[in-house]
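I have placed the structure first, in the form of structure tokens, so that the comments after it can refer back to it.
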Amino acid sequence: MILCYDLGKSVAGSLALHVMVSLARKLIASRNPIPTSRSYEFGNPEVFVPFSRLQETKLLESHLVSLLDNCSSLNQIKQVHAHVIRRGLDQCCYVLAKLIRLLTKINVPMDPYPRLVFHQVEYRNPFLWTALIRGYSIQGPLKEAVSLYNAMRRESISPVSFTFTALLKGSSDELELNLGRQIHCQSIKLGGFCEDLFVHNILIDMYVKCGWLDYGRKVFDEMSERDVISWTSLIVAYSKAGDMAAAAEMFERLPVKDLVAWTAMVSGFAQNAKPREALEFFHRMQSEGVETDELTLVGVISACAQLGAAKYANWVRDMAEGYGFGPANHVMVGSALIDMYSKCGNVEEAYKVFEKMKEKNVFSYSSMIMGFAMHGCANAALDLFEEMVKTEVKPNKVTFIGVLMACTHAGLVERGRNLFDTMEKHYSVEPSVEHYACMIDLLGRAGQLEEARELIKAMPMEPNSGVWGALLGACRIHAGRWEDVLGVRKSIKQKLLRKDPSRSWIEGKEGVIHEFYAGDMTHPNSKEIKEALEDLIGRLKSHGYEPNLSSVPYDLNEEHKRRILLTHSEKLALAYGLLITDSAGSTIKIMKNLRICEDCHSFMGGASQITGREIIVRDNKRFHHFRNGVCSCGNFW
DNA sequence: ATAGGGTTAG
């Protein structure tokens with residue numbers, strides 16, 4: 001039985017009804033499924049709703065759907081579900097499909113709850129099928145989603161366009177890529193979907209996710225119709241691949257740029273360690289009158305964190321408040337701010353933000369723990385971890401890197417070993433190569449070189465450069481085993497050769513950021529900087545400083561090595577810092593994108609002594625506070 | 001009722 005109804009009185013409605021009836025007749029005549037259309041709905045013929053009550057039922061349905069829309073936790077959804085059953089809508093595909101989509105969104109496994117919801121409905125429409133297929137597709141395995149799709153076909157339910165988008169969404173590796181291609185072929189065979197803009201946009205993402213960026217680009221190039229989503233997908237793909245030049249080229253060609261496209265560029269630059277470009281794009285975006293939302297701000301905050309400048313930190317914070325995205329009610333903004341203040345050297349302010357936040361997630365806790373660890377506040381970090389595990393927020397791999405780093409800084413070997421041993425058992429976080437690197441660091445720093453070596457042997461994975469680096473540091477400060485150092489250095493040499501060029505920043509007057517590369521003479525005050533640096537080198541030499549040429553990992557002659565070493569970017573930044581600040585004991589803060597070299601480290605120490613200044617160098621790992629010739633890291637980094 | 005942007009570590 002096919003039921004058509006028309007609630008309105010308009011001519012269009014009557015016409016639509018007429019079309020429906022003739023489509024229904026065709027369907028009966030051909031016994032084939034009809035192409036997708038949003039204007040019909042498969043309902044449950046057993047639950048016949050009298051015409052007089054139809055509007056009331058529709059109202060109830062949309063009421064329940066809006067209740068669901070406001071749910072953000074499993075418990076809330078379960079409550080609404082109970083309500084749905086009480087109101088007799090336990091067979092309503094519209095409401096239940098919404099419920100399954102929401103469960104997918106908050107990552108509730110499809111088995112058993114959503115699957116059970118699905119099975120309790122006797123007459124399932126394509127949207128209910130699609131909701132479950134989508135869940136399996138997103139959460140994996142894709143095979144499960146495909147077998148559901150086949151079951152749906154066996155029951156002669158005709159797929160809708162987003163059945164295919166749901167299926168394609170799941171392909172994330174090469175194996176699934178082939179499955180994805182088969183699905184795409186199916187969608188073409190069934191007709192009506194091959195020209196679908198949605199399907200094409202998902203295809204772009206599918207190829208990109210599998211690492212086939214060029215294929216994604218090919219789909220894009222061959223599309224007959226493109227929208228801002230197609231463009232943004234590729235912009236993001238290029239930026240994730242580290243090719244900001246290609247991303248920027250796409251962006252400039254994009255005819256109508258919207259908030260999301262702009263944000264993709266801002267975040268792209270931030271993610272690719274190009275904070276100045278990120279801010280430049282953000283300013284352009286604002287001057288073109290594009291609105292700003294929470295996600296845009298997160299990108300901007302991340303850029304400011306990399307600059308490490310107090311001026312930018314306060315600027316972006318005030319701006320976030322001004323837009324109504326303050327940390328109190330916005331977890332993502334709050335977490336990003338915590339990270340930013342820690343990286344700007346202001347861990348107290350980071351904690352103030354943390355305290356203000358009403359809702360805290362794993363990012364908030366991990367960023368705060370990491371912030372404490374970076375600044376050597378080991379007890380604060382560990383106390384916060386204890387506080388965290390009492391809440392419902394589950395620690396993840398990053399959280400454990402934070403607590404292990406904290407232990408390293410305070411030499412808490414037993415505590416660290418204990419955390420490392422229980423992370424999998426108690427918190428289901430599998431130790432990764434980074435966690436092993438932390439442990440090697442911890443053991444090595446405490447002088448337990450044999451244990452460190454045993455742990456490397458026992459690792460279930462290949463040691464990476466972080467692990468070797470930790471061991472290298474340990475060999476350097478203990479036992480004087482230089483032959484070991486050379487051996488380790490050899491094995492990580494390949495990695496050293498393909499690193500980013502080293503850069504340093506310093507915050508000048510009016511919060512202007514000055515950036516230096518090694519040997520960089522492009523700064524307008526280069527002449528003065530060079531003189532100040534030479535003066536400093538002279539004074540240091542008279543105190544016994546001698547350039548440590550082994551810090552230059554290239555095969556060059558001595559004079560060349562010396563020239564490179566003495567114009568390392570942090571030395572230029574330091575010279576500039578001395579030029580622009582009063583000599584009255586003020587602190588000089590330098591930011592670096594890479595780990596500080598050994599020569600620069602001792603150079604900074606000596607400089608702090610003879611100038612009587614505190615020098616803070618933030619490298620890619622932690623803060624070095626140099627005071628009177630001594631560094632807070634204890635010469636271990 | 002399907003598609004694009006996000007924070008922590010390395």
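Just so we're on the same page: letters track the sequence lines, and every chain starts at 1.
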> Of all the nucleotides listed (dA1(B), dG5(B), dA3(B)), which has the minimum atom distance to the side chain of Phe162(A)?
Replying inline: dA1(B)
> Is there aromatic stacking of Phe363(A) against dT8(B), centre distance under 5.5 Å, plane angle under 30°?
Replying inline: no
>> Under 6.0 Å from the ring centre and within 45 degrees of the ring axis: does the NZ or CZ of Lys394(A) meet both conditions for the six-membered ring of Tyr427(A)?
In response: no
>> Taking the minimum atom-to-atom distance to the side chain of Leu295(A), which one of dA9(B), dT7(B), dG5(B) wins?
In response: dG5(B)
>> Need one value for Ile369(A): base, sugar-phosphate or nothing, where a base atom within 4.0 Å counts as base even if backbone is also close, heavy atoms only.
In response: nothing
> Phe354(A) has an atom CZ; how far is it from atom C1' of dT8(B), in whole Å?
Replying inline: 13 Å
> Hey, is the side chain of Gln271(A) poking within less than 4.0 Å of OP1 or OP2 on dG5(B), counting only N and O atoms?
Replying inline: no
>> As a test of reading the structure: which of dG4(B), dT7(B), dT2(B) is closest to the side chain of Asn361(A), going by heavy atoms?
In response: dT7(B)
> Rounding to a whole Å, what distance do you find between Asp441(A):CG and dG10(B):C1'?
Replying inline: 13 Å
> Base, sugar-phosphate alone, or nothing: which one does Val266(A) contact when heavy atoms must sit under 4.0 Å apart?
Replying inline: nothing
> Between dG4(B) atom C1' and Lys257(A) atom NZ, what is the distance in whole Å?
Replying inline: 16 Å
>> Can you say whether a donor on the side chain of Asp205(A) sits under 3.5 Å from an acceptor on the base of dG4(B), or the other way round?
In response: no
Determine all donor-acceptor pairs shorter than 3.5 Å in which one atom belongs to a side chain in residues 344-360 of chain A; sequence neighbours excluded.
| unit_1 | atom_1 | unit_2 | atom_2 | d |
| --- | --- | --- | --- | --- |
| Asn346(A) | OD1 | Glu349(A) | N | 3.2 |
| Glu349(A) | OE2 | Arg317(A) | NH1 | 3.2 |
| Lys358(A) | NZ | Asn329(A) | OD1 | 3.1 |

>> Please report the distance, rounded to the nearest Å, between CZ in Arg226(A) and C1' in dA3(B).
In response: 16 Å
> Phe251(A) has an atom CZ; how far is it from atom P of dG4(B), in whole Å?
Replying inline: 19 Å
> Going through the checks in order, is the side chain to side chain donor-acceptor pair (under 3.5 Å) test met by Lys592(A) and Ser502(A)?
Replying inline: CA-CA 7 Å; Lys592(A) 265 193 73 61; Ser502(A) 176; 2.6 Å; yes
> Asp339(A) CG to dT7(B) P: how many Å, rounded?
Replying inline: 10 Å
> When you check the phosphate oxygens OP1 and OP2 of dA3(B), does a side-chain N or O of Lys169(A) lie under 4.0 Å from one of them?
Replying inline: yes
>> Can you measure Leu102(A) atom CG to dA1(B) atom P for me and round it to whole angstrom units?
In response: 13 Å
> Nearest to the side chain of Met405(A), which nucleotide is it out of dA3(B), dG10(B), dG5(B)?
Replying inline: dG10(B)
>> Given dA3(B), dG4(B), dA9(B), identify the nucleotide with an atom nearest to the side chain of Asp227(A).
In response: dA3(B)
>> By nearest atom, which of the nucleotides dG4(B), dG5(B), dT8(B) is closest to the Ser302(A) side chain?
In response: dT8(B)
> Do side-chain atoms of Glu424(A) reach the backbone of Pro431(A) as a donor and acceptor pair under 3.5 angstrom?
Replying inline: no
>> Does Ser267(A) reach a base, just sugar-phosphate, or nothing at all? Heavy atoms under 4.0 Å.
In response: sugar-phosphate
>> Starting the side chain at C-beta, find the nucleotide from dA1(B), dA3(B), dT8(B) nearest to Arg101(A).
In response: dA1(B)
>> Under 4.0 Å, counting only non-hydrogen atoms across every strand here, what does Thr263(A) touch: a base, just sugar-phosphate, or nothing?
In response: base
> Within the structure shown, what part of the strands sits under 4.0 Å from Ser364(A) by heavy-atom distance: base, sugar-phosphate, or nothing?
Replying inline: nothing
> What does Val398(A) touch in the nucleic acid at a heavy-atom separation under 4.0 angstrom: a base, only the sugar-phosphate, or nothing?
Replying inline: base
> For dT7(B), does either OP1 or OP2 sit under 4.0 Å from a side-chain N or O belonging to Lys360(A)?
Replying inline: no
>> Are Trp231(A) and Phe220(A), when compared by the centres of their aromatic rings, separated by less than 6.0 Å?
In response: yes
> When rounded to the nearest 0.5 angstrom, what is the spacing between CG in Leu382(A) and CE in Met388(A)?
Replying inline: 13.0 Å
>> Of the options dG4(B), dA3(B), dT8(B), whose atoms approach the side-chain atoms of Phe198(A) most closely?
In response: dA3(B)
>> Between dA1(B) and Phe127(A), is there a base-stacking contact, meaning the centre of the base's six-membered ring lies under 5.5 Å from the residue's ring centre while the planes stay under 30° apart?
In response: yes
> Can you tell me how far P of dA3(B) sits from CG of Leu259(A), to the nearest Å?
Replying inline: 18 Å
> The side chain of Asp293(A) lies closest to which of these nucleotides: dG5(B), dT2(B), dG4(B)?
Replying inline: dG5(B)
> Taking N and O atoms by type only, does the side chain of Ser233(A) place a donor or acceptor under 3.5 Å from a partner on the base of dG4(B)?
Replying inline: no
>> Applying the side chain to side chain contact (heavy atoms under 4.5 Å, CB included) criterion to Tyr365(A), which one of Ile338(A), Leu384(A), Thr399(A) satisfies it?
In response: Leu384(A)
>> Side chain of Glu434(A), heavy atoms from C-beta onward: which of dG4(B), dG10(B), dG5(B) has the nearest atom to it?
In response: dG10(B)
